[in-house]
Amino acid sequence: MEKKLYAGYAKVVVTPPLGLRIPGSYNHRYADGVITDLYLRATAFSDGENKAIIFSCDAISIKATAYEMVRDQIAQRCNMDPDGVYINCLHPHTAFRIDTPSGDPEDAVLDAHLKEVYEKFVECAAAAFEDLKPACLMIGTGKVEGLAFSRRYRMKDGSCRTNPGTGNPDVVSMLGKQDESLQLIRVVREGGKEILMVNYGTHADVITGTKYCPDWPGFAAEIMEGAFSCQKEAMLLVGAQGDSNQVNVFIKKGTGKNYGIQKSLFMAHAVAKEALRVYEEAREIPSDKVAYFHTHVKIGKNPHTPEEEPIAQKVRQIYLEKGTQAPELEEYPVSYIKALRIVQNMHRNFDFFDLRISGLQIGNVAFIGIPGEPFMQIGMDIKAENKLDMTVVTALTNGGEGYYPDAAAFEEAGYERDTTPFAPDCAEKLVEGAKTIMAQMEKI
């Protein structure tokens, strides 16, 4: 193939069997139904020399160890560099986590499903590369206002709380800034369906319960495809969303719904509507290169005091035995979420996390993948360094290792700061790593 862009697409169903535990909650939930199937969508790219593939997966996350196994299998099957594999999980809380099989007989059903998912990644990648057709890129940006909000708030007593509840009279103001930007990439192919890639960032924790569902990202993709009578393909890429969700705490309690299928569909329609508006304004950009990059950043552990360790161990034990509603938990100065983090870090036999930041350059678009849930400000800071026509930041990419709060959050409090295993400079380190990759992109 000559030096120009080629693109292909494929998707497969990855809905797990019923009866498995649904992660994303501190209480046990077991799947007993399916609202809408979960999908793995893939867009493959080649410039005639280099190959890359971007996955959009209806999974809550992928562990870094699982990513490495999947990546290597795809690279071998598709004759490509492993660094060209880019897996973005959309984080629906009614899905599953992509992990490495445990080998425990009690996990036999889960392990069988995970092995099947690995195989589907490989088959989906192969099908996408078999579908390669000459392509060009068109891009556009928009804004979705009033749909999502920072979930951290200043309270009347001066404290900071995450998700303080709808209509809470003690809420004074919202902390942090919602990134309302939406990015659209049109992959226009000769002789094949156009592919729409949409980036928007907020949690997909709108539909709760025990039935599998891809939440608003999955609905949004289907709405966009339907708007074009299924003559185009669509896939969502979730942006930085660690401190964002759909809950408007300032509405009066009982006057509006912040959760459920109707709310999720409302959000999906809002995202799809803006993407379709931007579609008409998209402009063509250079589309003749495919390149891949990565860098590693070392981040320390979230500190705690020696005095907190025995308390954390006790609180953790109560939580494991009696759950989140155990009244004894109120007697301790360490919350159960903080206790879990402290005990985990106590048992880690290293001082620094070695985290991989991933980068792809497709034409004149930069993709920066963070292995976890970065706060919105991190995503905005990275995009502000853009030197190409567009920089797309995606969360939960090639790993799902935890929350990355910004510096302001570490000075306050809240769920994300208490649960993250990472040190207070994690945001700074991520932005530095992203800038390193973007500087390399400028040189090619």
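Values reported hereafter were calculated over all heavy atoms of this structure, with side chains retained and with hydrogens, waters and symmetry mates removed.
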Undergrad: Is it the case that the side chain of Asp406 and the backbone of Ile378 share a donor-acceptor pair, with hydrogens and angles ignored and the cut-off at 3.5 Å?
TA: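 The answer is no, because no donor-acceptor pair under 3.5 Å joins these two groups.
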Undergrad: Using a 6.0 Å cut-off, check whether atom CD of Glu442 has over 12 heavy atoms from anything other than its own residue.
TA: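 For Glu442, atom CD is crowded (more than 12 foreign heavy atoms under 6.0 Å).
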Undergrad: Do the side chains of Asp37 and Lys11 get close enough for a salt bridge, i.e. N-O under 4.0 angstrom?
TA: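 Result for this pair is no, no salt bridge flagged.
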Undergrad: Does anything in residues 380-399 pair up under salt bridge (Lys or Arg N to Asp or Glu O under 4.0 Å), and if so which pairs, sequence neighbours excluded?
TA: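 Non-adjacent pairs meeting salt bridge (Lys or Arg N to Asp or Glu O under 4.0 Å): Asp179-Lys383, Arg283-Asp389, Glu385-Lys387.
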Undergrad: Do side-chain atoms of Arg29 reach the backbone of Pro23 as a donor and acceptor pair under 3.5 angstrom?
TA: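 Pair found, side chain donor or acceptor close to backbone of Pro23.
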Undergrad: Any ring-ring contact (aromatic ring centres under 6.0 Å, His included) involving residues 9-51? Give me the pairs, sequence neighbours left out, ordered by first then second residue.
TA: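 Non-adjacent pairs meeting ring-ring contact (aromatic ring centres under 6.0 Å, His included): Tyr26-Tyr336.
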Undergrad: Using modelled atom types only, decide if a donor and an acceptor are shared between the side chain of Thr15 and the backbone of Leu38 within a distance under 3.5 Å.
TA: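 Yes: the side chain of Thr15 pairs with the backbone of Leu38.
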Undergrad: Could you tell me which residues satisfy salt bridge (Lys or Arg N to Asp or Glu O under 4.0 Å) with Asp32, sequence neighbours excluded, listed by chain and number?
TA: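 Only Lys211 meet the salt bridge (Lys or Arg N to Asp or Glu O under 4.0 Å) criterion with Asp32.
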Undergrad: Just by distance, do the side chain of Ser287 and the backbone of Leu137 share a donor-acceptor pair under 3.5 Å?
TA: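 Pair found, side chain donor or acceptor close to backbone of Leu137.
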Undergrad: Under a 3.5 Å distance rule, please check whether Asp111 uses its side chain to pair with a backbone N or O of Ser102 as donor and acceptor.
TA: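 Looks like yes, one N/O pair under 3.5 Å.
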Undergrad: Might you work through the ring pair (Phe, Tyr, Trp, His ring centres under 6.0 Å) test for Tyr292 and Tyr86, ending with a clear yes or no?
TA: CA-CA 9 Å; Tyr292 31 81; Tyr86 191 97; over 10 Å; no
Undergrad: Identify the residue among Thr202, Asn163, Asp205 that makes a side chain to side chain donor-acceptor pair (under 3.5 Å) with Asn245.
TA: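 In the set Thr202, Asn163, Asp205, the residue that makes a side chain to side chain donor-acceptor pair (under 3.5 Å) with Asn245 is Asn163.
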Undergrad: What's the spacing between Lys51 NZ and Met80 CE if we round to 0.5 Å?
TA: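 Reported value, rounded in 0.5 Å steps: 7.5 Å.
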Undergrad: Distance check, rounded to the nearest 0.5 Å: Asp107 atom CG versus Arg21 atom CZ?
TA: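 Here the rounded value is 11.5 Å.
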Undergrad: With sequence neighbours excluded, give me every salt bridge (Lys or Arg N to Asp or Glu O under 4.0 Å) pair touching residues 226-241.
TA: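 Every pair satisfying salt bridge (Lys or Arg N to Asp or Glu O under 4.0 Å) with a residue in residues 226-241: Lys193-Glu233, Glu194-Lys232.
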Undergrad: Tell me if a side-chain donor or acceptor on Ser56 pairs with a main-chain N or O of Ile54 at a distance below 3.5 Å.
TA: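 No, Ser56 side chain to Ile54 backbone: no donor-acceptor pair under 3.5 Å.
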Undergrad: Quick one: which residue pairs count as a ring-ring contact (aromatic ring centres under 6.0 Å, His included) with a foot in residues 196-224, not counting sequence neighbours?
TA: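 Qualifying pairs: His91-His203, His93-His203, Tyr200-Trp216.
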Undergrad: Counting heavy atoms not belonging to Lys435, are there more than 12 under 6.0 Å from its NZ?
TA: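 For Lys435, atom NZ is not crowded (no more than 12 foreign heavy atoms under 6.0 Å).
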Undergrad: To the nearest 0.5 Å, what is the distance between CD on Gln361 and CG on Asn50?
TA: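 Reported to 0.5 Å precision, the distance equals 11.0 Å.
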Undergrad: So with a 6.0 Å cut-off around CZ of Phe352, is the heavy-atom count from everything else above 12?
TA: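 No - once you tally the heavy atoms of other residues, nucleotides and ligands closer than 6.0 Å, there are 12 at most.
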Undergrad: Using modelled atom types only, decide if a donor and an acceptor are shared between the side chain of Asp47 and the backbone of Lys4 within a distance under 3.5 Å.
TA: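 Side chain of Asp47 to backbone of Lys4, a donor-acceptor pair under 3.5 Å: no, none is there.
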Undergrad: Is the CD atom of Glu432 crowded by more than 12 outside heavy atoms at less than 6.0 Å?
TA: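 Result for CD/Glu432: enclosed.
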Undergrad: Does anything in residues 112-135 form a salt bridge (Lys or Arg N to Asp or Glu O under 4.0 Å)? List the pairs, not counting sequence neighbours.
TA: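 Found Arg77-Glu123, Glu116-Lys120, Asp131-Lys133, Asp131-Arg189.
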Undergrad: Scan for ring-ring contact (aromatic ring centres under 6.0 Å, His included) pairs involving residues 47-72, sequence neighbours excluded, and state none if there are none.
TA: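 Those involving residues 47-72 are Phe55-Phe121.
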Undergrad: How would you list, by chain and number, every residue that makes a side-chain hydrogen bond (donor to acceptor under 3.5 Å, both in side chains) with Glu416, sequence neighbours excluded?
TA: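 Here the qualifying residues are Arg151, Thr162.
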Undergrad: With sequence neighbours excluded, tell me which residues meet side chain to side chain contact (heavy atoms under 4.5 Å, CB included) with Thr100.
TA: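 Checked Thr100 against side chain to side chain contact (heavy atoms under 4.5 Å, CB included); matches are Thr65, Ala66, Met69, Tyr118.
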Undergrad: Can you give the donor-acceptor pairs under 3.5 Å from side chains of residues 421-431 to other protein atoms, not counting sequence neighbours?
TA:
| unit_1 | atom_1 | unit_2 | atom_2 | d |
| --- | --- | --- | --- | --- |
| Asp425 | OD2 | Lys429 | NZ | 3.4 |
| Lys429 | NZ | Lys298 | O | 3.0 |

Undergrad: Distance from Thr397 atom OG1 to Arg356 atom CZ, nearest 0.5 Å?
TA: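 Taking OG1 in Thr397 and CZ in Arg356, the distance rounds to 11.0 Å.
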Undergrad: With salt bridge (Lys or Arg N to Asp or Glu O under 4.0 Å) as the rule and sequence neighbours excluded, what pairs involving residues 87-105 come up?
TA: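 For residues 87-105: none.
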Undergrad: Glu281: which residues meet the side-chain hydrogen bond (donor to acceptor under 3.5 Å, both in side chains) condition with it, sequence neighbours left out?
TA: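 Expected list: Arg277.
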Undergrad: With no hydrogens and no angle check, is any side-chain donor or acceptor of Arg417 less than 3.5 Å from a backbone partner on Glu412?
TA: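 Yes; at least one donor-acceptor contact below 3.5 Å.
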